Amino acid sequence: MITHDDPLAGFDAHGERYEIVAVRHGRLVTERSRIYLNYDEYREADGPITLFYYFWVIRNATRTIVVDTGFSRQGAEARRREVLIPVPDALAELGITEDSAADVVLTHLHYDHAGNLALFPHQRIIMSRAEYEFWSSDESQRVQLRSVVDEDDVTELRRATDEARVYLVSGVTELAPGVRAIEIGGHTPGQLVVLVATAAGPVLLASDATHFTEELDRDMPFKHNTDLRATYRGLDLMRAWRERGEVAHIIPGHEPSTFELFPRLRGALSEHAVVIGYPGATEDSGPR
């Protein structure tokens with residue numbers, strides 16, 4: 001649900017700047033008909049499609065924000081997802097430990113975005129109030145909804161809540177100078193997107209408000225949605241932002257081409273991470 005007439009209004013494009021590290025930690029090769037909602041309605045031939053699983057790190061010299069925490073080892077094994085690099089290993093390479101002064105944003109509570117919360121035993125966790133309340137309700141127990149959530153992740157979130165570390169937001173929320181969370185809903189009741197000020201302009205981490213660029217371009221919703229009408233409204237809104245030039249890049253949650261559009265992170269994570277959001281970031285400038 002979008003509760004602000006213009007969620008981008010007043011966004012500080014002249015304050016702090018960040019780079020975004022997108023870490024590709026998992027993969028699934030499957031069929032298009034298993035990914036897009038009611039795929040037969042498009043009257044197209046089926047074919048292979050690859051999903052990559054990401055988490056993102058927003059950082060500058062003074063601040064670090066982790067956006068989503070990937071899937072856990074157990075979550076990957078239960079669903080037969082390929083692990084490209086374990087999330088704990090990737091976080092360690094980025095210098096993010098259990099003692100790091102980093103906030104964690106959960107865009108939604110699906111298993112591939114909210115695993116590994118135990119790696120953040122002291123940090124503040126930010127998520128939508130609607131998201132938290134829905135997955136805490138009896139309504140969320142239906143198979144078609146609960147199948148994409150791991151109970152271990154819910155348990156960790158409840159533990160953090162008991163420790164007063166969970167910060168619930170709604171509508172449009174300034175997380176830090178130059179970082180804004182926008183509640184879009186659709187895919188889940190409180191699906192968030194995160195707008196980030198970078199030297200290359202505003203970058204929208206869409207997470208699963210759109211899983212793929214094709215989903216956004218062709219108005220083709222993913223198979224999992226708690227509110228299809230809200231999903232379509234979110235796609236409309238993101239396309240409008242893009243067409244008006246209000247965002248420089250929209251980064252879908254599972255898009256393979258992210259690794260073709262942005263330069264690799266230098267060092268041990270060069271095969272697993274790219275850097276988004278500085279001048280020349282769309283050029284083939286080699287590992288950063």
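Nothing here was measured: the structure is a model prediction, and the numbers come from that model.
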(request) Please test Trp56 against Val194 for side chain to side chain contact (heavy atoms under 4.5 Å, CB included), starting from the C-alpha separation and ending with a verdict. (result) CA-CA 10 Å; Trp56 302 270; Val194 181; over 6 Å; no

(request) Could you check His108, His211, His25 and say which one makes a ring pair (Phe, Tyr, Trp, His ring centres under 6.0 Å) with His113? (result) His108

(message) Treating Arg63 as the side-chain partner and Ala61 as the backbone partner, does any N or O pair qualify as donor plus acceptor under 3.5 Å?
(response) no

(message) Can you confirm whether Ile65 sits close enough to Val57 that some side-chain heavy atom of one is under 4.5 Å from a side-chain heavy atom of the other?
(response) no

(request) Would you tell me whether Tyr111 and Arg81 have side-chain atoms, one donor and one acceptor, within less than 3.5 Å of each other? (result) yes

(message) Which residue in the set Ile251, Val247, Ile250 passes side chain to side chain contact (heavy atoms under 4.5 Å, CB included) when paired with Val203?
(response) Ile251

(message) Can you see whether Tyr39 engages Glu41 through a side-chain donor-acceptor pair at a distance of less than 3.5 angstrom?
(response) no

(message) Between Arg73 and Glu77, does any side-chain N to carboxylate O distance fall below 4.0 Å?
(response) yes

(request) Could you tell me whether Asp162 and Arg159 have a side-chain N and a carboxylate O separated by less than 4.0 Å? (result) no

(request) Could you point out which residue of Val166, Thr69, Asp153 forms a side chain to side chain contact (heavy atoms under 4.5 Å, CB included) with Leu106? (result) Thr69

(message) Restricting to non-hydrogen atoms, name the atom on Thr62 and the atom on Asn60 that form the minimum distance, rounded to 0.1 Å.
(response) N-OD1, 3.0 Å

(message) Would the distance check show the side chain of Thr210 and the main-chain N or O of Phe212 forming a donor-acceptor pair, the cut-off being under 3.5 Å?
(response) yes

(request) Answer with yes or no after comparing the ring centroid distance for Tyr54 and His254 against a 6.0 Å cut-off, counting only values under it. (result) no

(message) Just by distance, no angles: are the side chains of Ser170 and Glu183 close enough, under 3.5 Å, to form a donor-acceptor pair?
(response) no

(request) Answer yes if the side chains of Tyr36 and Glu214 hold a donor-acceptor pair under 3.5 Å, and no otherwise. (result) yes

(message) Other residues, nucleotides and ligands only: do more than 12 of their heavy atoms fall within 6.0 Å of CZ on Arg34?
(response) no

(request) Assess whether side chain to side chain donor-acceptor pair (under 3.5 Å) is satisfied between Asp103 and Gln123, documenting all intermediate values. (result) CA-CA 6 Å; Asp103 283 340; Gln123 287 77 4; over 6 Å; no

(message) Quick one: does any side-chain atom of Arg180 pair with a main-chain N or O of Pro7 as donor and acceptor, under 3.5 Å?
(response) yes

(message) Whether the side chain of Ser128 engages the backbone of Ala130 through a donor-acceptor N/O pair (distance < 3.5 Å, no angle test) should be reported.
(response) yes

(request) Report the C-alpha separation of Ser72 and Asn116 in whole Å, then their side-chain angles, then the decisive distance to 0.1 Å, and conclude whether the side chain to side chain donor-acceptor pair (under 3.5 Å) test is met. (result) CA-CA 5 Å; Ser72 66; Asn116 305 295; 5.5 Å; no

(request) Begin from the C-alpha positions of Asp217 and Arg239 and carry the test salt bridge (Lys or Arg N to Asp or Glu O under 4.0 Å) through to its verdict. (result) CA-CA 8 Å; Asp217 290 348; Arg239 281 192 295 267; over 6 Å; no

(request) Check whether the side chains of His110 and His187 place a donor and an acceptor atom closer than 3.5 Å, and report yes or no. (result) yes

(request) Check whether the ring centres of Phe262 and His249 lie less than 6.0 Å apart, and answer yes or no. (result) yes

(message) If you count heavy atoms of other groups shown closer than 6.0 angstrom to CD of Gln144, is the number above 12?
(response) no

(request) Go through the steps to decide whether Ser257 and Glu255 satisfy the test side chain to side chain donor-acceptor pair (under 3.5 Å), and finish with yes or no. (result) CA-CA 6 Å; Ser257 70; Glu255 174 61 48; 3.0 Å; yes

(request) Would you tell me whether Glu31 and Ser33 have side-chain atoms, one donor and one acceptor, within less than 3.5 Å of each other? (result) no

(message) Are more than 12 heavy atoms, taken from residues, nucleotides or ligands other than Phe259, located less than 6.0 Å from that residue's CZ atom?
(response) yes

(request) Ignoring hydrogens and angles, tell me if any N or O in the side chain of Thr198 forms a donor-acceptor pair with the backbone of Tyr18 under 3.5 Å. (result) no

(request) Kindly compute the distance separating CG (Asp236) from CE (Met238), expressed to the nearest 0.5 Å. (result) 9.0 Å

(request) Classify the side-chain pair Asp208/Gln191 by whether it contains a donor and acceptor separated by less than 3.5 Å. (result) no

(request) Indicate yes or no: does Arg24 engage Glu271 in a salt bridge with an N to O separation below 4.0 Å. (result) no

(request) Answer yes or no for Arg27 and Phe52: cation-pi contact, defined as NZ/CZ to six-membered ring centre under 6.0 Å and angle to ring axis within 45°. (result) no

(message) Looking at Arg218 and Glu44, is any side-chain nitrogen of the basic one under 4.0 Å from a carboxylate oxygen of the acidic one?
(response) yes

